[in-house]
Amino acid sequence: MSDLATAFRDALDLLLSLDPELAAIVALSLQVSLGAVAVAALVGMPLGAVVAVGRFPGRMAVVVLMNALMGLPPVVVGLVVYLLLSRAGPLGAFGLLYTPTAMVIAQAVLVTPIIAALTRQTVEDLWGEYEEQLRVLGVSRLEMVATLLWDARPSLLTGLLAGFGRAVAEVGAVIIVGGNINHVTRVMTTTIALETSKGNLSLALGLGIILVAITVTVSALVMAMRGREGRAVHG
Amino acid sequence: MADAGVVDPRLDDAGLVAGGVAPLCCSGVGLARGGRVLLDDVTLELARRPGVTVILGPNGAGKSLLLRVVAGLVEPDRGRVRWGPRPPDRSRATRIGFVFQKPVMLRRSVLANVTYALRAAGVPRHEREARARSLLAAGDLGHLERVSARVLSGGEQQRVALVRALATKPEALLLDEPTASLDPRSTQAIEALVRATRAAGVGVVLVTHDLGQARRLADEVVFIHRGRVLEQAPAACFFDAPSTAAAREFLDGGLVL
């Protein structure tokens, strides 16, 4: 009990003193996860929109696959990306293993299905409403996709936040492809895992507090935006 | 098939057909879904002169579906639709204004809803806003141009939809029960816009089951029942002396089954 109390006090000290090591870890975490979400958005949003609007054989299979991939286990993603990036792997020549770039790749793989699936759902709903009107206005297929993405942007932002929440909180993928190297690839989740096993509870707890604060903020933002959206629709 | 979406008054004049308004011609149009025949051998020719043609009939007669086929939104199983020499494909679509029963408002301002249509029609950027403004002003919507279109009342939304449909200077304006869910005052406003459109020389095709509206607006009536065209006649003739029993019953307010 006194252990926990001490750890908690030390954690707060670290937070309040803006400990440079702790700050660096938080910064790298945000950098990696935001980078992953950016990459995932660039791939996932157009992909989801095209699947929503497109009519092609095997479309249902793609939809099912995208939804299933939302629940991809991070460790498995880490393993696959590890195999691809390792020396003997097909992308080994780039020497990316155990770098922040590798972590961005792994998290992007994890987040892309989430963003693609949510985009697909949102755009498809809007498409149901807009289709005839846009066709009657003589809008080209590409423009339709752009219009749908633009008009669906509040819901899409929610998808981005959900993706970020997933990325920043996962540990399995980044620990495998990043290796948890001090000052290089150490992020909040991997540090918490390591420091806890080493018995250094104050740093782990300090990071835990920050991580929870970030996730709570993200879901609060999601809720706030859903609420605003709902009002806009009913208004 | 050239000049997709280009709105140019000279093209209007060069037109497809002498008389400006391309005549609509449906021949042998048939459509079935799930074993039910929805449109049965519809042959229909609409005059090239401007005027209001009302497609009249009970619910489920196939009126709205016929309008969608005519606009090229639904592909018929059989038969063909021609606007002048051309089918109603996408490149023609910009020349047909369409107003749906439930207005579809893009999640943008009222002004942006109209400029969007102008952009889709290929109107150059620097002309769009001024044109949209004057159109909205003409529709008595000028004071709402900055408002988000989704928060307007149903009547206002439908007026925006109508102005937006007219923005691309269509050769024909198709309306699918545009006032079905509107109050009398909004209905009046829509009908006034329809009259102004006809006065401007645009051919109007209006689907309705509202007899009063048909009497107020129609120059010509096409009566549809169970997917078939039973009558096509000038409005006065149709309302005074319908030639089929089904039309007589419909006019008497009886149930047409």
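Below, chains carry the letters A, B, ... as their sequence lines are ordered, and counting in each starts from 1. Hydrogens, waters and symmetry mates are skipped; everything else that's a heavy atom, side chains included, is used.
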Under 4.5 Å from any heavy atom of chain A - which part of B:F98: both
Rounded distance (nearest 0.5 Å) linking atom CD1 of B:I96 with atom CG of A:L137: 12.0 Å
Crowding at CG, A:L142 (>12 non-hydrogen neighbours, <6.0 Å): no
Just wondering, do B:R107 and A:E129 contact through their side chains at under 4.5 Å, heavy atoms? yes
Please indicate whether B:R195 has more than 12 foreign heavy atoms, meaning atoms of other residues, nucleotides or ligands, lying under 6.0 Å from its CZ. yes
More than 12 foreign heavy atoms under 6.0 Å from CZ of B:R133: is that the case here? yes
Interatomic distance, CG@A:L134 vs OH@B:Y116, rounded to 0.5 Å, equals 4.5 Å
Stepwise side chain to side chain contact (heavy atoms under 4.5 Å, CB included) test for A:E132 and B:V104: CA-CA 9 Å; A:E132 288 196 318; B:V104 179; over 6 Å; no
Any side-chain heavy atom of B:R108 within less than 4.5 Å of one from A:D151? yes
Looking at CZ of B:F100 and CD of A:Q133, how far apart are the two atoms once the value is rounded to the nearest 0.5 Å? 5.0 Å
